Amino acid sequence: MLTLGLTGGIGSGKSRVASWLAQWGAGVVDTDAVAHELTAAGGAAMPLLRSVFGAAVERPDGAMDRDWMRARVFADPGVRRELEAILHPLIRAETQRQLALAQGPYRVAVVPLLVESGDWRERVDRICVVDCDPDTQIARVQSRSGLTAETIRRIMDAQASRAERLAAAHDVIVNDGATSEAELLQRVRLAHAQWAAGTPLGGPSAG
Ligand SMILES: CC(C)(COP(=O)(O)OP(=O)(O)OC[C@H]1O[C@@H](n2cnc3c(N)ncnc32)[C@H](O)[C@@H]1O)[C@@H](O)C(=O)NCCC(=O)NCCS
Ligand SMILES: Nc1ncnc2c1ncn2[C@@H]1O[C@H](COP(=O)(O)OP(=O)(O)OP(=O)(O)O)[C@@H](O)[C@H]1O
C-alpha cells in the first residue's frame, strides 16, 4: 500500500487537506495528534519530560504546559533539541504502530517536520507538500491561535524553508493566499483520485 507523507509549514493547511483525505477513506495518521496524546495528562512522555525539565513542565491537570514549553523551545534551539530528543522517537514509534493498522486505498502520515527529518523521508513512498507563502501562514495561524506574529516567525525559522520543502516534494498542493477553500478542495480531490489509483500527481508545477 502506498504511504504518502503529507507535510507543509505551520498554517499551510495540512490538517485541512488531511481531514478531507480521511473523509474520503485514506488511512490518515497525524503526528501532531500523536504528540498531543503523548503529552496529555498521563501521556507516555510525561515522566521523562518531568525528569528533564522539572515540575514546571506540567500543568496542575498533569498535561504538558504548552505555553511554557513553546516560549522556551522557540527561543532556544538547545531546548528544542532536548524536547525533540524525548518526543520524536516516541512519536515515530506510535505513528508507525497506527500506520500499520491503517485501512484504505493508501495511507497518509501527516508530518510537519518531514523534510527536516531524514528518517521520515525514508519511511514514506511519496512526499506531498502543501505549499503556502509565509505571510499567509502567519495570518492563518494568528487568526486560528492568537499567537503573535513574532512567535509564529520564530516557529517558521525552526522549520525548513518553502524552497527546501518544495525541493523535496514529489507532489505539491498549492494553498497560498490566492487559494479559495473551493479551489483547495478541487486540488485535493484530484490528488486523492490519483493517489487512490496509484498514479503520481506530478511535480511542483501541479496545482
Ligand atoms: C512546542 C510545542 C509545545 C508547542 O505546542 P503548540 O500546542 O503551540 O503547537 P502544536 O503541538 O499543536 O504544533 C503546531 C505546529 O507547530 C509546529 N511545530 C511543533 N513542534 C515543532 C518543532 N519542534 N519545530 C518546528 N516546528 C514545530 C508544527 O508546524 C506544528 O504543526 C509543541 O509543538 C511540541 O511539543 N513540539 C515538539 C514535538 C514536535 O516536534 N512536533 C511536531 C512534529 S511531530
Ligand atoms: N485556502 C484556505 N482559505 C482559508 N482558510 C484556510 C485555507 N487553508 C487553510 N485555512 C485555515 O488556516 C488555518 C491553518 O490551516 P491548518 O490547520 O489546516 O494548517 P496546518 O498546516 O495543519 O497547521 P499546523 O502546522 O499549525 O498544524 C485553519 O484555521 C484553516 O481553516
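Ligands are counted one by one from 1 in listed order, and the atoms in each one are counted from 1 as well. For the single chain, residues carry numbers from 1 onward in sequence order. Just so you know, these numbers come straight off a predicted model, no measurement behind them.
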Of the protein's non-hydrogen atoms, which lies at the shortest distance from [atom], and what is that distance?
atom: atom 25 (O) of ligand 2; value: K14 NZ, 2.7 Å
atom: atom 18 (O) of ligand 2; value: R16 N, 2.9 Å
atom: atom 22 (O) of ligand 2; value: S15 OG, 2.5 Å
atom: atom 16 (P) of ligand 2; value: G13 CA, 3.7 Å
atom: atom 8 (N) of ligand 2; value: N175 ND2, 3.0 Å
atom: atom 10 (P) of ligand 1; value: H36 NE2, 3.6 Å
atom: atom 21 (C) of ligand 1; value: F74 CZ, 3.8 Å
atom: atom 6 (C) of ligand 2; value: R140 NE, 3.8 Å
atom: atom 27 (O) of ligand 2; value: D32 OD2, 3.5 Å
atom: atom 3 (N) of ligand 2; value: E181 CG, 3.6 Å

Flag for S12-R165: side-chain donor and acceptor within less than 3.5 Å: no

Residue [X] vicinity, atoms of ligand 1 by number, heavy atom under 4.0 Å:
X: M69; value: 3 (C)
X: T31; value: 44 (S)
X: M64; value: 3 (C), 35 (O)
X: L113; value: 22 (C), 23 (N), 24 (N), 25 (C), 26 (N), 40 (O)
X: I10; value: 15 (C), 16 (O), 29 (O)
X: L87; value: 35 (O), 37 (C), 38 (C)

Salt-bridge contact D76-R72 (side-chain N to carboxylate O under 4.0 Å):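 Salt bridge: no.
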
So does R97 pair up with E94, basic N to acidic O under 4.0 Å? yes

For G9, the ligand 2 atoms whose distance to one of its heavy atoms is below 4.0 Å: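 Taking each heavy atom of G9 in turn, ligand 2 has 21 (O) under 4.0 Å.
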
Sub-4.0 Å atoms of ligand 2 with respect to non-hydrogen atoms of T179: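 Numbered from 1, ligand 2 contributes 1 (N), 2 (C), 3 (N).
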
Contact partition for [X] relative to ligand 2, non-hydrogen atoms under 4.0 Å:
X: V130; value: neither
X: R144; value: side chain
X: V17; value: neither

Check: residues 26-38 side-chain donor-acceptor pairs under 3.5 Å, at least two apart:
residue, atom, partner, partner atom, Å
D30, OD1, D32, N, 2.8
T31, OG1, V110, O, 2.7
H36, NE2, R66, NH2, 3.2

Counting C-beta onward and ignoring hydrogens, is there a side-chain heavy-atom pair between R187 and V174 closer than 4.5 Å? yes

Which of these, [options], has its nearest heavy atom closest to [atom]?
atom: atom 29 (O) of ligand 1; options: E84, E116, Q159; result: Q159
atom: atom 33 (O) of ligand 1; options: H88, R66, R70; result: R66
atom: atom 14 (C) of ligand 1; options: D65, D32, D67; result: D32

For the pair D133 and R162, evaluate salt bridge (charged side-chain N to carboxylate O under 4.0 Å, His left out) and give the outcome as yes or no after the intermediate values. CA-CA 8 Å; D133 56 287; R162 187 180 186 185; 5.3 Å; no

Polar-atom distance check: G11 versus ligand 2, any N or O pair below 3.5 Å?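 It does: an N or O of G11 is found under 3.5 Å from an N or O of ligand 2.
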
Before you tell me yes or no, could you show the steps for D157 and R154 under salt bridge (charged side-chain N to carboxylate O under 4.0 Å, His left out), namely the whole-Å CA-CA distance, both residues' side-chain angles and the distance that decides it to 0.1 Å? CA-CA 5 Å; D157 286 346; R154 282 191 185 182; over 6 Å; no

Crowded around Q186 CD? As in, over 12 foreign heavy atoms under 6.0 Å?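 Count not over threshold, so no.
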
Over 60° means perpendicular and under 30° means parallel, so tell me whether H192 and W24 are parallel, tilted or perpendicular.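 Plane angle between 30° and 60°, so tilted.
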
Within the structure, is a non-hydrogen atom of P112 found at a distance of less than 4.0 Å from ligand 2?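 Heavy atoms of P112 never come under 4.0 Å of ligand 2.
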
Could you give all pairs that pass the salt bridge (Lys or Arg N to Asp or Glu O under 4.0 Å) test and reach residues 17-26, with sequence neighbours left out? none

Is L83 touching ligand 1 with its side chain, its backbone, both, or neither, if touching means heavy atoms under 4.0 Å apart? side chain

Take L6 and I127, measure what side-chain contact (heavy atoms from CB on, under 4.5 Å) needs, and give me the verdict at the end. CA-CA 6 Å; L6 183 67; I127 297 175; over 6 Å; no

With only distance considered, is R80 within less than 3.5 Å of ligand 1 through an N or O on each side? no

